[in-house]
Amino acid sequence: MHLPCPVLLRSMASSLACLLLITLLPTSSNAFCASFDCISGTGTTISYPFWHQTQHSEYCGYPGFNVTCHNQSSTLINLSNNLFRIRNVNYANNSLVIAFYDPKNSSCPRISHNFTLLNSSLFNYTTNNEMLHSFYNCTLYPPSHASIPCLQYNAKRSFAFPLRNTPEFDWNRYCESNVIVPAIQKAAGNYDFVRSIEEGFELTWQQPPEDAACASCEVTSGFCGFRTGGIDDNTTSFLCICSDGQHLAKCQDEGNVSTAFGPNYVAIGALIFGSLFVLATAFYLIQKRRCVTLYAPVSQH
Ligand SMILES: *[C@@H]1O[C@H](CO)[C@@H](O)[C@H](O)[C@H]1NC(C)=O
Ligand SMILES: *[C@@H]1O[C@H](CO)[C@@H](O)[C@H](O)[C@H]1NC(C)=O
Ligand SMILES: *[C@@H]1O[C@H](CO)[C@@H](O)[C@H](O)[C@H]1NC(C)=O
Ligand SMILES: *[C@@H]1O[C@H](CO)[C@@H](O)[C@H](O)[C@H]1NC(C)=O
Ligand SMILES: *[C@@H]1O[C@H](CO)[C@@H](O)[C@H](O)[C@H]1NC(C)=O
Ligand SMILES: *[C@@H]1O[C@H](CO)[C@@H](O)[C@H](O)[C@H]1NC(C)=O
Ligand SMILES: *[C@@H]1O[C@H](CO)[C@@H](O)[C@H](O)[C@H]1NC(C)=O
Ligand SMILES: *[C@@H]1O[C@H](CO)[C@@H](O)[C@H](O)[C@H]1NC(C)=O
Ligand SMILES: *[C@@H]1O[C@H](CO)[C@@H](O)[C@H](O)[C@H]1NC(C)=O
Ligand SMILES: *[C@@H]1O[C@H](CO)[C@@H](O)[C@H](O)[C@H]1NC(C)=O
């Protein structure tokens with residue numbers, strides 16, 4: 001029982017090709033800082049200066065702008081040691097809307113600590129936010145204010161007000177705790193605290209001066225990249241990542257191709273794929289000739 005030689009070899013060659021494609025393609029696209037979407041095509045598109053914590057290289061975006069996907073439903077960013085869900089990114093005006101991340105996805109979010117944009121020289125609040133002051137578990141409270149329905153524990157009530165418009169009352173004395181949280185501005189006087197927390201707040205990010213070249217890089221079909229720690233370890237520099245390697249400003253820059261850091265996966269992939277393809281073809285042709293000579297005497301009789 002013999003499988004026809006050419007058929008066997010042809011399938012071997014094609015499975016080898018398939019295998020190569022499967023192993024090489026993800027590597028090259030990841031190295032390319034390609035944009036992605038955590039929610040299979042329906043969520044926020046994440047791209048430079050944001051980068052994927054595990055699928056991208058560090059140079060694909062700014063430091064601290066690394067995000068992760070969770071449960072194919074949330075895009076998470078870590079700011080000042082808190083995880084936030086990215087709801088929306090506007091790349092045209094450098095702004096994004098994020099919301100406190102609740103891993104339990106409960107219908108009543110509990111914000112138990114104050115959030116400050118610590119150590120974040122790049123992010124800042126925009127003027128579209130309102131600071132809300134919330135008071136939890138108050139045992140005594142003015143009767144005229146609506147409490148937060150899902151935060152009622154027996155006689156204890158919780159409240160939220162715009163910080164600049166908090167009703168006169170000794171809240172600190174009668175409430176167990178209080179926090180100040182940012183929220184996108186809402187119609188004055190009608191705060192649905194839970195919805196405000198879910199909708200999140202808006203931040204803007206600053207473009208570092210090194211980054212001015214991004215637009216001209218993208219025009220030449222490059223992906224913007226950003227590198228920290230140069231030769232003297234204290235510099236940041238812009239990269240334009242193109243199909244032929246990394247350039248200083250845009251893909252057509254002649255003589256400015258830098259390969260000093262980070263391998264060019266596409267070139268390497270193409271090289272390996274190419275050589276293996278040639279080998280497989282040569283092997284196939286040699287085997288085919290051997291098959292022909294083996295079978296030749298049989299077919300003559
Ligand atoms: C993941 O998402 C599904 C629905 O999309 C939800 O039912 C499940 O609770 C989520 N799991 C976690 C750990 O958030
Ligand atoms: C981003 O990277 C830092 C440092 O490696 C890490 O601590 C942080 O958790 C990462 N952020 C996310 C959202 O994974
Ligand atoms: C956020 O990042 C810091 C380091 O930058 C890390 O220590 C911390 O565990 C991260 N927090 C979360 C919630 O992932
Ligand atoms: C950015 O643009 C979006 C969409 O036009 C808008 O909703 C948002 O308020 C803008 N943010 C800033 C800070 O300009
Ligand atoms: C979280 O809960 C809401 C409803 O409360 C639901 O629509 C949403 O899909 C849930 N998300 C996850 C990730 O479970
Ligand atoms: C903020 O930066 C300082 C030094 O620059 C560091 O000591 C401190 O731990 C940082 N805090 C956070 C929350 O990352
Ligand atoms: C953040 O914005 C506030 C006013 O909204 C401004 O006073 C402050 O200087 C800004 N910080 C940075 C780092 O841009
Ligand atoms: C309010 O009180 C309830 C019941 O005692 C407790 O479970 C909850 O954690 C308290 N909330 C806050 C924000 O202190
Ligand atoms: C949050 O900040 C407010 C105002 O500074 C303070 O009164 C309150 O105790 C803080 N809350 C917590 C939980 O630290
Ligand atoms: C980059 O290339 C330009 C010409 O295209 C040249 O003038 C410039 O000196 C080069 N820069 C570096 C750092 O090699």
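Every number for a ligand or one of its atoms is a count from 1 in the order of the listing. Only this structure's heavy atoms are used, side chains among them; waters, hydrogens and symmetry mates stay out.
Minimum interatomic distance between Leu76 and Tyr101 (heavy atoms only, all atoms of both residues): CD2-CD1, 3.5 Å. Closest non-hydrogen pair, Leu79 versus Phe84, comes out as O-CE1, 3.8 Å.
Here the protein heavy atom with the shortest distance to atom 7 (O) of ligand 3 is Asn81 OD1, 4.0 Å. When only non-hydrogen protein atoms are considered, atom 5 (O) of ligand 8 lies nearest to Lys156 NZ, 3.4 Å. For atom 8 (C) of ligand 8, the nearest non-hydrogen atom of the protein is Asn137 ND2, 3.7 Å. Of all protein heavy atoms, the one lying nearest to atom 3 (C) of ligand 4 is Asn90 ND2, 3.3 Å. In terms of protein heavy-atom proximity, atom 13 (C) of ligand 3 is nearest to Leu83 CG, 3.5 Å.
Asn105 contributes no side-chain N or O that, together with a main-chain N or O of Pro103, makes up a donor-acceptor pair within less than 3.5 Å. Between the His247 side chain and the Ala249 main chain, no donor and acceptor come within less than 3.5 Å of each other. Put simply, the side chain of Thr44 never gets that close to the backbone of Val89: no donor and acceptor are under 3.5 Å apart.
Of all the atoms in ligand 8, the ones that sit under 4.0 Å from a non-hydrogen atom of Glu176 are 1 (C), 14 (O). For ligand 4 and Ser95, the ligand atoms under 4.0 Å from any heavy atom of the residue are 1 (C), 11 (N). For ligand 8, the atoms lying closer than 4.0 Å to a non-hydrogen atom of Tyr136 are 13 (C).
Note that OG of Ser106 is 7.0 Å distant from NZ of Lys104, once rounded to the nearest 0.5 Å.
Considering only heavy atoms from C-beta on, Phe135 stays 4.5 Å or farther from Ser158 through its side chain.
Summarising the local packing, CG of Asn114 is surrounded by more than 12 heavy atoms from other residues, nucleotides or ligands at distances under 6.0 Å.
Protein heavy atoms are found inside the 4.0 Å sphere centred on atom 11 (N) of ligand 8.
Residue nearest to atom 2 (O) of ligand 3, selected from Thr68, Asn78, Asn66: Asn78 (by heavy-atom distance).
Ligand 4 has a nitrogen or oxygen under 3.5 angstrom from a nitrogen or oxygen of Asn93.
Contact annotation: Asn128 has at least one heavy atom less than 4.0 Å from an atom of ligand 4.
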